[in-house]
Amino acid sequence: FHEKLGTMFEKTQRLIKLSSFMAELLDTDREVVERASFLSKADLLTEMVKEFPELQGIMGEYYALNSGEKEEVAKSLREQYLPRFWGDVLPETVPGVILSVADKLDTITGFVGIGLKPSATSDPFALRRNAIGIISTLVGKKVDVDLEELAKKSVETYREQGKKLKENTAEEVCEFLKERLKVYLKQEFSHDVGESVIETSASPYDVYLRAKTVETAKGKKDFEEAFFTMKRVKNIVPQGFEAVSFEPEEFYEKKLWNAYLEFRPKFEELIEEKRYKEALELIKELGRFVGEFFDCVLVMHEDETVRNRRLSILWNISSTISKLLDVGKLSV
């Protein structure tokens with residue numbers, strides 16, 4: 001595979017562990033996935049693939065079927081190389097999806113871990129293509145999986161083999177994939193929408209769902225007004241401000257704080273259930289109370305106690321909403 005990353009057999013052993021880990025996360029048949037991983041590179045040794053390298057995976061499927069392997073196992077041997085380019089077909093089977101993601105992630109982890117990330121002009125190991133392949137597959141097949149967990153597991157499989165990767169490899173891999181996810185989102189959504197959700201989840205599919213919901217809402221006047229109001233909330237709270245313990249005292253403070261206390265548990269439950277459209281509806285409702293608060297109250301009061309109390313109310317609102325998106329990144 002590579003002199004610093006071991007043999008293809010060692011890569012296969014890593015794929016078995018990483019694919020099995022993914023199968024467990026996705027609650028699917030580990031036996032099929034592990035068998036597919038074990039056979040994933042076997043056809044590279046055949047004369048047919050040596051003569052015609054473009055047949056890798058394709059011949060693997062034929063050989064596996066001829067040898068009596070399960071159809072799902074055989075099909076995933078071909079699907080592991082999908083998608084081969086932007087817009088290519090995606091794997092169809094669940095084992096194929098898992099093996100495709102695991103194979104590409106193992107490659108990215110290894111080369112990032114030994115300091116061979118692509119430069120601005122060169123990508124000799126096709127890491128960007130592999131990253132887009134992972135993201136396209138997870139989003140296109142609606143697979144909700146945490147890439148931070150997968151990256152850590154991938155690094156672990158290397159270290160179990162005694163391979164020396166950089167200390168922060170998992171973090172670098174996640175950052176590299178996040179940059180590719182930004183590129184992917186730009187193909188479908190406004191730039192600011194992608195930026196507003198990119199840091200909210202480690203799952204590309206989850207980020208995609210958030211972006212899709214925000215993009216749809218952003219074109220509607222009432223949501224635009226709510227986003228603008230909540231952006232004011234974020235902007236008025238000084239960077240680095242920490243909320244203080246307080247009890248709301250004046251009428252509009254109490255009115256907004258009570259509205260927020262009613263809003264927060266409902267909002268957090270909707271986020272947990274990924275009901276993002278309904279979560280945005282709640283933001284819109286709370287936005288009316290916030291707008292009234294801004295109209296009737298001087299937030300930056302000369303009395304520090306009053307100012308900190310009001311800023312703390314707004315800080316709590318902003319922090320809760322950030323669990324769905326960063327409204328400060330939206331151009332409204």
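These numbers come from a predicted model, not from an experiment.
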Is it true that Lys17 and Glu34 make a salt bridge, defined as a side-chain N closer than 4.0 Å to a carboxylate O?
no
Verify the distance criterion only: is there a donor paired with an acceptor across the side chains of Asp144 and Ser203 at less than 3.5 Å?
yes
Could you name each residue pair satisfying side chain to side chain donor-acceptor pair (under 3.5 Å) that touches residues 105-122, not counting sequence neighbours?
Lys11-Asp106, Lys11-Thr107, Arg14-Asp106, Asp106-Tyr158, Thr109-Ser154, Lys117-Glu172
Verify whether one side chain among Lys41 and Gln80 offers a donor that lies under 3.5 Å from an acceptor in the other.
yes
Is the closest basic N to carboxylate O distance between Asp123 and Arg129 below 4.0 Å?
no
Is Lys163 salt-bridged to Glu10, going by a charged N under 4.0 Å from an acidic O?
yes
Ignoring hydrogens and geometry beyond distance, is a side-chain donor-acceptor pair present between Lys212 and Thr216 at under 3.5 Å?
no
Is the ring centre of Tyr252 less than 6.0 Å from the ring centre of Phe294?
no
Charged N to carboxylate O below 4.0 Å: is that the case for Arg307 and Asp303?
no
Residue list, side chain to side chain donor-acceptor pair (under 3.5 Å) with Glu253, at least two apart or on another chain:
Arg309, Arg310
So, do Val233 and Ile321 sit near enough that their side-chain heavy atoms are less than 4.5 Å apart?
no
Is the closest basic N to carboxylate O distance between Arg288 and Glu292 below 4.0 Å?
no
Salt-bridge criterion met for Lys70 and Glu72 (N-O under 4.0 Å)
no
Is the shortest side-chain N to carboxylate O distance from Glu215 to Lys218 below 4.0 Å?
no
Do Phe246 and Phe241 belong together in a cluster built from hydrophobic side chains that touch within less than 4.5 Å?
yes
Among all residues two or more places apart in sequence or in another chain, which pass the side chain to side chain contact (heavy atoms under 4.5 Å, CB included) test with Val139?
Ile135, Tyr184, Pro204, Tyr208
Starting from the C-alpha separation in whole Å, work towards a yes-or-no answer on salt bridge (Lys or Arg N to Asp or Glu O under 4.0 Å) for Glu278 and Lys266.
CA-CA 10 Å; Glu278 292 169 67; Lys266 294 178 184 176; over 6 Å; no
Polar side chain donor-acceptor pair, Arg264 to Thr320, under 3.5 angstrom:
no
Checking Glu281 against Lys284 for the salt bridge (Lys or Arg N to Asp or Glu O under 4.0 Å) test, could you report, in this order, the C-alpha distance in whole Å, the side-chain angles of both residues, the deciding distance, and whether it holds?
CA-CA 5 Å; Glu281 290 285 350; Lys284 186 172 68 174; 3.1 Å; yes
Between Lys153 and Glu156, does at least one N-O distance fall below 4.0 Å, as a salt bridge requires?
yes
Counting only heavy atoms from other residues, nucleotides and ligands, does the tally under 6.0 Å from NZ of Lys277 exceed 12?
no
